[in-house]
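First up is the structure itself, then whatever we jot down about it.
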Protein chains: 2
Amino acid sequence: MPDDMTRLPEAAPLTQSLPEQIAARLSERIVGSTYPPGQRIMEQAVAAEFAVSRGPVREALRLLEKDGLVTILPRRGAQVTNLSIAEVREIFDIRAMLNGLRDRLIAEDPDRLRVLPLLEAEVATLARLSRAPGAGEDYVEAVSRLNRILASATSSRRLRAMLGSLGLQTLRYSQLGLSTPQRRKQSVQHWQRLVKAIRDGDGAAAERVAQQRVQDSRDAAIAQLQRLRLEAATPKTKTGGAA
Amino acid sequence: MPDDMTRLPEAAPLTQSLPEQIAARLSERIVGSTYPPGQRIMEQAVAAEFAVSRGPVREALRLLEKDGLVTILPRRGAQVTNLSIAEVREIFDIRAMLNGLRDRLIAEDPDRLRVLPLLEAEVATLARLSRAPGAGEDYVEAVSRLNRILASATSSRRLRAMLGSLGLQTLRYSQLGLSTPQRRKQSVQHWQRLVKAIRDGDGAAAERVAQQRVQDSRDAAIAQLQRLRLEAATPKTKTGGAA
DNA sequence: CATTGTAAGATTGTCAACAATCTTCTTGAC
DNA sequence: GTCAAGAAGATTGTTGACAATCTTACAATG
């Protein structure tokens, strides 16, 4: 008699559950800003749209809350998470540390040569795009691919999940940090140094570069955000308190 | 007219919701090993015990899954999360990075003097306990208090939540790392250096010390774990392959 | 005796209705 | 005209029942 009587085989669910499907659809709308920050999400409306009962919708909202995309207030319902500038900064700080860990582990992984060619090819694309004027969209897309490659090379399921969640929460703001050609030039340098560190198996260097990259991204995004909120908060000459 | 029409006031829930209460009770049993790793948790049984319907129980299980205490397999139900040694290591690695961030932010916080006396008093207690033989329980308790103080000094709600969750998941193993007087001696030194770094406002030093402390704790815990699992896997002379 | 197919039981997934709470609109007083 | 109190509507929280799926035990077959 084997002693695994209480052990359930950890099988990947072949078919996505109903709450997961609903959560995925809602997630698209949130990160795509169809549902803007602060937007309230009501269970009955979602249930009616997807032709299901409120039960699965409630579970879907809990899943989204786990990823930080919605905030659930007891007896008040769910709304799309609205981040303060301080919170955006905090998330970038956490991302910097965990990205550093991720890239260090990859650089120290003997099996890293499997993804190195992919990384090098993508960084070459990045360098090309950074020289081309006005390719901001493509550049952001290429960075996204790079992060996906690195995520796939991360052996830790937990670390991957945490970084994925934090990345979703700040997706809207990450792009703000790459909006100038100057910033993209700096970004390319970081990526080149990172790939070199991974190639050399230099974990400490990979960690340092990764942290610096996210911190730079953080500062640029925050600066942009403050500019945006300032002009948004000045619709009339009303709030001009300081003479 | 203020523009906060879609904004819900972020009120702290005065009374814990029913799912939260259930989750709290179950959480105690999990971290207290009343429910051992791998133990299956069935909705109907829990519902019957707390005299509620299965709905709130399902939500409670989702809450526990968010904290990593249970694992939910679709159509299979929930079970107490069973961590492999590799996963324990991964969690400690993540904790090291985030503890580093937390303590750096505290050291750089101008408002840190508010908690400094508390920290110094607790570290003094720690030093006393480390010289007393056979005070392992008390030592672990004091370290727990220190971590609570540092958590309360963390301004970032997210960082606090993440560290709390990771701490719960590895609570069972953290104590393993402080089981010898020798380890406790080393631990005290780390805490003393950390408090000094916070007092001096030296963020970089605080981060370095915090990371080292968790990494040492990680190595000690892993070594203990491997020893435990080895002897657990040798109930008879059955698997004794090497003569 | 091992293996596979089947059936019964157990467990999770979903639903619709009811209860409790919150929000908003109206009404009245000052 | 402004503010407070109350009622009506809307929304979330909870429940019990039903459906779908999984596990386990048993029997038939090689």
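The basis for the numbers below is simple: all heavy atoms, side chains too, and nothing from hydrogens, waters or symmetry mates. Chain letters run A, B, ... following the sequence lines, proteins first, then strands; residues in each count from 1. Note that the coordinates shown come from a computational prediction; the quantities given were computed from them, not determined experimentally.
- Salt bridge B:Glu65/B:Arg62: present, at least one basic N to carboxylate O contact under 4.0 Å.
- The distance between atom CD of B:Glu43 and atom C1' of D:dC22, rounded to the nearest whole Å, is 14 Å.
- Using a 4.0 Å cut-off between charged side-chain N and carboxylate O, B:Glu207 and B:Arg102 make no salt bridge.
- The CD1 atom of A:Ile41 sits 15 Å away from the C1' atom of D:dT12 (whole-angstrom rounding).
- Here D:dA20 presents its C1' atom at 15 Å from CZ of B:Arg76, a figure rounded to the nearest Å.
- As a whole-Å value, the separation of A:Met42 CE from D:dA10 P is 11 Å.
- The residues B:Arg54 and B:Glu43 are annotated as salt-bridged, a charged nitrogen and a carboxylate oxygen being separated by less than 4.0 angstrom.
- Atom CD of A:Gln44 and atom P of C:dA16 are 12 Å apart (whole Å).
- The interatomic distance linking A:Arg62 (CZ) with D:dT12 (P) rounds to 12 Å, in whole Å.
- Residue A:Leu73 contributes atom CG, which lies 14 Å from atom C1' of C:dT21 at whole-angstrom precision.
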Q: Might you work through the salt bridge (charged side-chain N to carboxylate O under 4.0 Å, His left out) test for A:Asp103 and A:Arg213, ending with a clear yes or no?
A: CA-CA 12 Å; A:Asp103 295 350; A:Arg213 172 168 54 81; 3.4 Å; yes
Measure all distances between protein nitrogen or oxygen atoms and nitrogen or oxygen atoms of nucleotides 14-16 of chain D, and list the pairs falling under 3.5 Å.
| from | atom 1 | to | atom 2 | distance (Å) |
| --- | --- | --- | --- | --- |
| D:dT15 | OP2 | B:Ser53 | N | 2.8 |

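- At whole-Å resolution of the value, CG in A:Leu61 and C1' in D:dT11 are 13 Å apart.
- Side chain of A:Arg112 to backbone of A:Asp109: a donor-acceptor contact under 3.5 angstrom is found.
- The side chain to side chain donor-acceptor pair (under 3.5 Å) test applied to B:Ser155 returns no partner, not counting sequence neighbours.
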